[in-house]
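See below for the structure under consideration.
Count residues from 1 along the sequence.
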Amino acid sequence: QVQLVESGGGSVQAGGSLRLSCAASGNTYNLYYMAWFRQAPGKAREGVAVVDGAGDTYYSDSTKGRFTISKDNAKNTLILQMNSLKPEDTAMYYCAADLPQWLTTIQALRVPSMYKYWGQGTQATVSS
């Protein structure tokens, strides 16, 4: 079993930054894919960024160039640095882990239902 706990959400003005963290505990040694998803009210859950066990990353078109995903393996923590935030980035942000390794990194952002572990989410609100 794996437990994921997100933190770092909050309220910022457009153009500002937030840094989200996801602390993983439990049986974390075999988590090849870890990702961030988000969900705004009335919308489907959307892939934001993913990192694989080789360190390769992939971003959605809406976050590429503004968001950076990284892993601190020593602390078992997944990070999402969000810069140049826009009001449309307002959402609940979720950390997810444990996806079949045969999927590609691009596919890993498109199949939220296949992730085994999820955090409880952290809210990010961007005002104009």
Rounded to the nearest 0.5 Å, what's the gap from [atom1] on [X] to [atom2] on [Y]? Could you check?
X      : Y      : atom1 : atom2 : result
Lys71  : Ile79  : NZ    : CD1   : 12.0 Å
Asp89  : Ser84  : CG    : OG    : 9.5 Å
Ser128 : Gln13  : OG    : CD    : 9.0 Å
Gln39  : Gln123 : CD    : CD    : 11.0 Å
Leu18  : Met82  : CG    : CE    : 4.5 Å
Ser60  : Ile106 : OG    : CD1   : 12.5 Å

Pairing of Lys64 and Asp61 as salt bridge, 4.0 angstrom limit =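 Yes, this pair counts.
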Provide the closest heavy-atom pair for [X] versus [Y] in the form atom of the first, atom of the second, distance.
X     : Y      : result
Val50 : Ala108 : CG2-CB, 3.9 Å
Cys95 : Leu78  : SG-CD2, 3.9 Å
Ile69 : Ala35  : CD1-CA, 4.4 Å

Under 3.5 Å, side chain of Tyr93 to main-chain N/O of Val48, donor-acceptor pair present?
-> no
Is Gln81 reaching over with its side chain to a backbone N or O of Thr68, donor-acceptor style, under 3.5 angstrom?
-> no
Between [Y] and [X], is there a side-chain heavy-atom distance shorter than 4.5 Å?
X      : Y      : result
Arg38  : Thr63  : yes
Gln120 : Val5   : yes
Gln107 : Met114 : no
Leu4   : Met34  : yes

Not counting sequence neighbours, list each pair that qualifies as a ring pair (Phe, Tyr, Trp, His ring centres under 6.0 Å) and has a residue in residues 34-68.
-> Phe37-Tyr115, Phe37-Trp118
From the list Asn76, Leu31, Asp98, side-chain contact (heavy atoms from CB on, under 4.5 Å) with Val2 holds only for Leu31
Residue that, paired with Asp52, satisfies side-chain hydrogen bond (donor to acceptor under 3.5 Å, both in side chains) out of Thr105, Thr57, Thr104 |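 Exactly one option meets the side-chain hydrogen bond (donor to acceptor under 3.5 Å, both in side chains) with Asp52, and it is Thr105.
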